[in-house]
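Let me give you the structure first, and then I'll get to my questions.
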Number of protein chains: 2
Amino acid sequence: MLELAILGLLNGSPMHGYELRKQLAQVLGGLRSISYGSLYPALKRLHAAGYVTTDEPDRRTPLPADAPPLTGRRGKVVYTITAEGKERFAELVSQAGPEAYDDGGLFGVRLAFFRHTAADVRLRILEGRRRTVERQREGLRASLSRTRERLDRYTLELQRHGLESVDREVRWLSELIDSERQGADPPASDPSAGTSRPAAAPRTTPGPSTDRSRS
Amino acid sequence: MLELAILGLLNGSPMHGYELRKQLAQVLGGLRSISYGSLYPALKRLHAAGYVTTDEPDRRTPLPADAPPLTGRRGKVVYTITAEGKERFAELVSQAGPEAYDDGGLFGVRLAFFRHTAADVRLRILEGRRRTVERQREGLRASLSRTRERLDRYTLELQRHGLESVDREVRWLSELIDSERQGADPPASDPSAGTSRPAAAPRTTPGPSTDRSRS
DNA sequence: GATCGATGTATCGGCACGATACATCGACCT
DNA sequence: AGGTCGATGTATCGTGCCGATACATCGATC
C-alpha cells in the first residue's frame, strides 16, 4: 500500500524521507500518519526493486565494533523515482481489481491519486468500493437486528454508530459516482490518464521482460 | 488489544478458537474481523502467561519426519480463563490511561466491555477519547483550510469526508457522555464493576479519588 | 556556548494480517 | 456406497506496519 503512495509522491518530485512522511500523512487523509518503521523499509524495498534511486552513493560505514559512537556522516538522502518506478506507478494506478477497493486504506491512497487514473477505471473503483461497503452494511444490519435484545447498551451503541458510518460512506461514494458520471470536470487533471487505451506507450518502450535490473 | 477482548469473552464462558473468532467479530463492531494469524498466537501468549488453560492435555504428537500425512488426532481445544486471567481482565478493564482511548481499536474493545467498568472510569475514558478525536479534528481542519486551493478534488473530498466522520464521532461521544452523566442507568450492569470496593452501592457512588486500586 | 526543539536517517521487537495447510463432520447428490 | 462440498476447527508462515528508540545535525533562543 505504501508502495503506491510513495511512488505517487516521488512521481511529483524527489524528496527525502522526512518530507515524504509529512506529505504521506496528508495523502492518507490527515489522521492516519505513517511511521518510520514502515517508511524506511518500504523505501528499501523500492530501492531494491529498482523503482527509486538515492544520491549519497552507499556511504554506509560499517564499523560496528570499532568506533563506539559512530561519527560517520549521516547526510540527507534524496529519493528519486526511476523510469521503472514511473512505469510501475502507472501500472498500479490503472488497475481496478478487488484489492483496489476491498481494503479501505489502499482505496484512500487510490483516491488520492485519482488524477492519474483513467475515468472509466475511476468509476469501476468507486463502484467496487461501494459494493464492498454495502456488503459490510448489510452484514452489520443483519447482526444488529439479530442481536438487538441480547447485547448491552454500549455494544449496541458501538454497532449503531458503525452502521451509521458505513451508511454515510455509501452515500458519499454515491455522490462521487454521480458527479463522476456527469462530466463533473475533475479539475484540470493531467492528460497522462488515457481512457482505457493501452496508450501504446507515449514513450519509454516498456521493454517486456527486461529483468536486467537484478544484480 | 486482543488480550483484553479474548479475556473478556472467555470471562463469559469457555470457548474454542473458532467460536471465539466469531464472537470477536461482533465485539469489534462487526466490520473488523480478526484473523487466525492473530488469534492463535494471542491465545498462545495468554496461555504462556497463565491467563487461560486448555483441555487436550498436550496431545501434541511431534512426528515431523516419520508419518507423512500426520494422522494424529487434532481435537477441539477449549480455552478457559483462569483466576489470574480474571484478575488481569479486571485490572485491564479498570485502567483509564491514554492507551485506553488514543487507539481507536482498543477503545472499541473497551467500550464493548464497559459493563465491567466502573462508572467514573467509563466517564474518564469517554472524555479522553473525545479529546483525542477533537485534536484529530482540529488538525484536519487546519490542514484542510491550509491546502484548500492546492489539492485536487479527490484528495479534498477524502479529507472533507474524513473530517465529517471525526465530527460525527465527537458528537456521538458527547451523547454517550451526557447520558453517562445523567443517571442513564446502563441496563442492569452486573455488580462486578465495583470501583475497588466490591459492590458498594447499587448506583452512582462516584467514590472520590481514593487510589486504592493499585496493587 | 549551551540547551532545546525541529529536522533527518535508520533499526528493532512485536503484533496483526492474509494465505495456506491440515483435519473432521454433516448434508446433499449420485 | 461413494463423492464432494461447505461449515467447523486448529495451527503456522511470510509479510507488512507500528511504536519506541537511537543516532545525528542545525537553527534559535537564553
Side-chain angles (χ1 to χ4, degrees), chain A residues 1-6 14-25 28 31-49 52 54-56 58-64 67-79 98-99 102-106 109, chain B residues 1-6 14-25 28 31-49 52 54-56 58-64 67-79 98-99 102-106 109:
Chain A
M1 186 195 84
L2 278 189
E3 182 181 1
L4 175 62
I6 292 174
M15 288 179 197
H16 27 247
Y18 194 84
E19 180 75 13
L20 212 37
R21 185 174 119 97
K22 280 191 303 184
Q23 304 264 354
L24 233 27
L28 299 192
L31 20 90
R32 35 193 334 103
S33 173
I34 227 58
S35 100
Y36 295 124
S38 331
L39 178 59
Y40 285 108
L43 282 171
K44 212 171 181 177
R45 287 194 298 272
L46 290 173
H47 186 252
V52 304
T54 65
D55 57 357
E56 192 90 18
D58 263 12
R59 192 67 189 77
R60 193 63 14 86
T61 36
L63 66 141
L70 173 60
T71 29
R73 279 275 290 112
R74 174 149 19 181
K76 303 187 182 186
V77 179
V78 176
Y79 297 89
E99 69 282 356
D102 278 355
D103 174 31
L106 182 53
V109 177
Chain B
M1 187 195 83
L2 278 189
E3 182 182 359
L4 176 62
I6 293 174
M15 289 178 196
H16 28 246
Y18 194 85
E19 179 75 13
L20 213 36
R21 185 173 119 96
K22 281 191 302 183
Q23 303 265 354
L24 233 27
L28 298 193
L31 19 89
R32 36 193 336 101
S33 174
I34 229 56
S35 100
Y36 294 124
S38 329
L39 178 59
Y40 285 109
L43 282 170
K44 212 171 181 178
R45 288 195 298 273
L46 290 173
H47 186 251
V52 304
T54 65
D55 57 357
E56 192 88 20
D58 264 12
R59 193 67 189 78
R60 192 64 13 88
T61 33
L63 65 142
L70 172 60
T71 29
R73 279 277 291 112
R74 174 145 23 178
K76 304 187 182 186
V77 178
V78 176
Y79 297 89
E99 70 282 357
D102 278 354
D103 174 32
L106 182 53
V109 177

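The sequence lines fix the lettering, A, B, ..., with proteins before strands; numbering per chain opens at 1.
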What is the distance, to the nearest angstrom, from the OH atom on A:Y40 to the P atom on D:dC23?
17 Å
Taking only side-chain N and O atoms of B:K44, does any of them lie within less than 4.0 angstrom of OP1 or OP2 on D:dT12?
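For B:K44, the contact criterion (side-chain N or O under 4.0 Å from OP1 or OP2 of D:dT12) is met.
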Least distance between heavy atoms, B:Y40 atom then B:Y18 atom
OH-N, 4.2 Å
Starting at CD of A:Q23 and ending at C1' of C:dG8, how long is that distance when rounded to a whole Å?
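Nearest whole value for this atom pair: 15 Å.
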Spacing of A:L24 atom CG relative to D:dC17 atom P, expressed in whole Å
11 Å
Only one of A:T54, A:D55, A:V78 passes side-chain contact (heavy atoms from CB on, under 4.5 Å) with A:P14, and that residue is A:V78
Selected nucleotide, minimal atom distance to A:Y18 side chain, candidates D:dT8, C:dA6, C:dA10
C:dA6
B:K22 NZ - D:dG9 C1' separation (whole Å)
11 Å
For D:dA11, does either OP1 or OP2 sit under 4.0 Å from a side-chain N or O belonging to B:Y79?
yes
Could you report the tightest heavy-atom contact between A:L20 and A:L43, atom names first, then the distance?
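Of all heavy-atom pairs spanning A:L20 and A:L43, the closest is CD2-CD2, 4.0 Å.
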Restricting to nitrogen or oxygen on both sides, can you table the protein-nucleotides 14-16 of chain C pairs closer than 3.5 Å?
unit_1 : atom_1 : unit_2 : atom_2 : d
C:dA16 : OP2    : B:R45  : NH2    : 3.1

Evaluate the criterion side chain to side chain contact (heavy atoms under 4.5 Å, CB included) for residue pair B:V52 and B:H47; output intermediate values, then yes/no.
CA-CA 5 Å; B:V52 304; B:H47 186 251; 4.0 Å; yes
Spacing of A:L43 atom CG relative to D:dG16 atom P, expressed in whole Å:
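Checked: the CG to P distance equals 14 Å.
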Nearest-nucleotide comparison on DNA chain D, the residue closer to the 5′ end among B:P41 and A:L39
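Comparing both residues, the 5'-ward one is B:P41.
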Any side-chain N or O of B:Y36 under 4.0 Å from OP1/OP2 of D:dA11?
no
If you compare all heavy atoms of B:L106 against all heavy atoms of B:E99, which two are closest, and at what distance to 0.1 Å?
CD2-O, 3.0 Å
Expressed in angstrom and rounded to an integer, what is the separation of A:E99 atom CD from C:dA19 atom P?
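One finds 10 Å between P of C:dA19 and CD of A:E99, rounded.
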Please report the distance, rounded to the nearest Å, between CG in A:D103 and P in C:dA19.
11 Å
Rounded to the nearest angstrom, tell me the gap between atom NE2 in A:H16 and atom P in D:dT25.
16 Å
Answer yes or no: is there a side-chain heavy-atom contact under 4.5 Å between B:V109 and B:L2?
no
What pair of heavy atoms forms the shortest contact from A:R21 to A:Y36, and how long is it?
CD-CE2, 3.2 Å
